A.B. asks: 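I'd like to ask you about the structure that follows.
Quick caveat, the model's predicted, so the values are computed rather than measured. First listed ligand is number 1; within each ligand, the first listed atom is number 1.
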Amino acid sequence: MISRYLTSFDPSRIRQLKYDYVILGSGIAGLWCALEAMGHGSVAIVTKGPRDEGSTKYAQGGIAAALCPQDSPALHLQDTMDAGAGLCNREAVSVLVTEGPQRVKQLVRRGAEFDQENGQLVLAREGAHGIRRIVRAQGDQTGREVERALIAEIQKSRVDVHEKMFGVDLLTQRDECVGVLGWSVPKGEFVLFRGEVTIIASGGAGQLFDVTTNPTVVTGDGAAMAFRAGAQLQDLEFMQFHPTALASVDESSGDSVSPKFLISEAVRGEGAQLLNLHGERFMPHYHPLAELAPRDVVSKSILEEMHKTHTKHVLLDLTAHSREAIQHRFPTIFRTCEEQGIDPSAQPIPVSPAAHYTMGGVKTGLNGETNIRRLYACGEAACTGVHGANRLASNSLLEGMVFGSRAVTAARRMVDRQQPVAPDLSAIFVPTCPRGREGKPPERLRKELQTVMWRQVGLLRSDEALQDAVTRIDMIQAETARLPEGPKAWELTNMAQLARLVALSALLRTESRGAHRRSDYPEPDNRRWRKHIVLTRRLIDNLQIDAEPDILVEDVK
Ligand code: FAD
Ligand code: SIN
């Protein structure tokens, strides 16, 4: 049974800050929402690390949008739908690709500088895109440039950014969201952010897995707290595994390095080839688009080659390009490889798949609305259905802006037209079971959870492995409950709760589709499974892992 709140607290004794818009997270989605909302009311960003920390900063490849005359939203829509393996929400994709170009132009007006040649934006190609349509910054530093530009705008504004403020739980009353309970890490105290509307923009959950490209703050907190508050979560079984993370090992411990450094798909877009350990190119045997096949296909093919050659990585060969060309086009990748003793112009780069992107999340409509009044979600934390079972490369930063704008437009209507919320805060006080004061160190429990998820809920799943994973996650959850109060324990509880839901969703989907692969159900089953799994707390509290899946599914729109 999942408790409604992670901690017991008495709102009447906590410092309160009142805003029109409370935004959880400061990646592209959160910053974008804040910039859209400013001028229409007071705005707070609550973010658990430094303001620029999140997946956004590490984005390399770029942002996809139909910007050149040869391209069109219709072509972008088709590529997105094809990559999504039959589960994309067509209406949402249409919104993404139609509104995308204007959001990219708006981002440029907000100060982001993308690479240009002769006064024209340079467009890159990535997997499953039929055309060059990806704008990028400083070669492979798109995310850093996006964060820089948006944070500079925020700094000029009256948006309050609360850094190192861990969002613990959403506060709800009478089926409405009335704000966020935060914990100030430097001050060691709770702060209650009361909001007329609350927007979850807290990113994905790549850190549930031992091997991931996601930074340590990306732990699925937003989805877990939304679920506790009664929000619906959708498509959790679809975790995208990027095919080419740098296969580096920590010299001192022998462990795999975490997070993994990404070798952008744009490298393959510039002609790099994948070779197995015998030096043989293999992708043409798996898909007509070879190295530029959809991401799920490339990851699956790499896994097969690794099994065949009994190795933990394959090779990405960029040696057809000169040292100067690689250094110019991919400066960060070049530098990082060199730091690892690899000269990418002279030798292929060892790569292997890593958990990268969470397609599922808080279920929203086209305007970021959730099933809870006054609660919105956008960015990687949300599930609009645009990515289906496998996201098309470089559609994520775009999604953060397109659906961030829409969420704020809808939230503004709520702020402008509705009665302000007047919660009776004393009524929120819900004592939970007191936590223990001992147990395994949280770092160890986190590693155990990540290892279970990587090994048993990772690239290749089966009924047996998933059932066992649920049991192990339950044991970790029980241990977590014994940890002393604080952000580490809360974060781990979020991770364990969400991990369990991911494993349950993967168990329910008895087919292979997109990023979800089952060794015991290797084919897609369109008759039974062109559907979404939608989870709510009410269902989960009663859900047995062998439950009849039909109670949980919704048709694809
Ligand atoms: P994030 O940028 O992850 O931000 C989440 C924010 O929420 C952070 O500020 C975090 O601190 C905060 N937060 C989380 N939990 C809490 C809490 N409990 N309390 C308070 N704050 C909290 N996509 C593309 O489109 N193009 C690319 O080229 C690309 N490259 C990528 C490369 C890498 C290495 C990675 C990891 C991802 C890449 N992606 C790319 C995916 C893309 O970067 C992300 O999907 C996107 O940036 C997510 O933005 P976001 O704002 O939703 O979340
Ligand atoms: C990459 O550069 O390969 C990442 C692109 C993405 O995740 O969209």
A.B. asks: For atom NZ of Lys300, decide whether the heavy atoms of other residues, nucleotides or ligands shown that lie under 6.0 angstrom number more than 12.
C.D. replies: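 Not more than 12 within 6.0 Å, no.
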A.B. asks: Among Arg391, Gln60, His356, Gln141, which one puts a heavy atom closest to atom 33 (C) of ligand 1?
C.D. replies: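 Nearest option to atom 33 (C) of ligand 1, by heavy atoms: His356.
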A.B. asks: Minimum heavy-atom separation for Glu380 and Ala205, please, with both atom names.
C.D. replies: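 Nearest heavy atoms, Glu380 then Ala205: OE2-N, 4.5 Å.
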A.B. asks: Atom 7 (O) of ligand 1: which of Gly54, Ser202, Ser394 has the nearest heavy atom?
C.D. replies: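 Considering heavy atoms of Gly54, Ser202, Ser394, the nearest to atom 7 (O) of ligand 1 sits in Ser202.
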A.B. asks: If you measure from CZ on Arg295 to CZ on Phe241, what distance do you get to the nearest 0.5 Å?
C.D. replies: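 Atom-to-atom, Arg295:CZ and Phe241:CZ are 13.0 Å apart.
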A.B. asks: Distance to 0.1 Å, residue and atom name: give those for the protein heavy atom nearest to atom 11 (O) of ligand 1.
C.D. replies: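 Looking at atom 11 (O) of ligand 1, the protein heavy atom closest to it is Thr47 OG1, 3.4 Å.
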A.B. asks: Which ligand 1 atoms are under 4.0 Å away from a heavy-atom of Val46?
C.D. replies: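 Those of ligand 1 that fall under 4.0 Å from Val46 are 20 (C), 21 (N).
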A.B. asks: Does an N or O anywhere in Ser55 fall below 3.5 Å from an N or O of ligand 1?
C.D. replies: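 The answer is yes, given that Ser55 and ligand 1 share an N or O pair closer than 3.5 Å.
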A.B. asks: Which atoms of ligand 1 sit under 4.0 Å from any heavy atom of Glu380?
C.D. replies: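 That gives atoms 44 (C), 45 (O), 48 (C), 52 (O) of ligand 1.
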A.B. asks: State if Met165 counts as touching ligand 1 under the rule of any non-hydrogen atom under 4.0 Å.
C.D. replies: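 Per 4.0 Å heavy-atom rule, Met165 contacts ligand 1.
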A.B. asks: Anything with a heavy atom under 4.0 Å from ligand 2 counts, so go ahead and list those protein residues by chain and number.
C.D. replies: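 These residues qualify: Gln60, Gly61, Glu126, His242, Leu262, Ser264, Glu265, Arg295, His356, Arg391, Ala393, Ser394.
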A.B. asks: What about Gly379: any of its N or O atoms under 3.5 Å from an N or O on ligand 1?
C.D. replies: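 No.
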A.B. asks: Could you tell me, atom by atom, which parts of ligand 1 come under 4.0 Å of a heavy atom of Ala29?
C.D. replies: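 Answer for ligand 1: 51 (O), 52 (O).
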A.B. asks: Are Ser26 and ligand 1 in contact, using a heavy-atom cut-off of under 4.0 Å?
C.D. replies: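 It does; at least one heavy atom falls under 4.0 Å.
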A.B. asks: Among all the protein's non-hydrogen atoms, which is closest to atom 21 (N) of ligand 1, and how far away is it?
C.D. replies: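 Going by distance alone, atom 21 (N) of ligand 1 is nearest to Lys48 N, 3.0 Å.
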A.B. asks: Identify, for atom 36 (C) of ligand 1, the protein heavy atom at the shortest distance, and state residue, atom and that distance.
C.D. replies: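 Closest protein heavy atom to atom 36 (C) of ligand 1: Asn214 ND2, 3.4 Å.
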A.B. asks: Considering all heavy atoms of both residues, which atom of Leu315 and which atom of Pro348 are nearest to each other, and what is their separation?
C.D. replies: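 Looks like CB-CB, 3.8 Å.
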A.B. asks: Hey, does Thr142 sit under 4.0 Å from ligand 1 if you only count heavy atoms?
C.D. replies: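 No.
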A.B. asks: Check this for me - ligand 1, Glu53, N or O atoms closer than 3.5 angstrom, yes or no?
C.D. replies: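 N/O-N/O distance under 3.5 Å: yes.
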A.B. asks: Please confirm whether Ser396 comes within less than 3.5 Å of ligand 1 when only nitrogen or oxygen atoms on both sides are compared.
C.D. replies: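 Yes, at least one N or O pair falls under 3.5 Å.
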A.B. asks: Does Leu262 reach ligand 1, in the sense of a heavy atom lying below 4.0 Å from it?
C.D. replies: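 Distance cut 4.0 Å: Leu262 passes for ligand 1.
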A.B. asks: Tell me the contacting part of Asn494 for ligand 1: side chain, backbone, both, or neither, using a 4.0 Å heavy-atom threshold, strictly below.
C.D. replies: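 The answer is neither; Asn494 stays 4.0 Å or more away.
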A.B. asks: Hey, does Gly400 sit under 4.0 Å from ligand 1 if you only count heavy atoms?
C.D. replies: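 Checking ligand 1 against Gly400, which is what was asked, there is no heavy-atom contact under 4.0 Å.
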A.B. asks: Short N/O distance, under 3.5 Å, between Met225 and ligand 1?
C.D. replies: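 Min N/O separation from ligand 1 is not below 3.5 Å for Met225.
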A.B. asks: Who's the nearest protein heavy-atom neighbour of atom 53 (O) of ligand 1, and how far?
C.D. replies: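 For atom 53 (O) of ligand 1, the nearest protein heavy atom is Gly203 CA, 3.3 Å.
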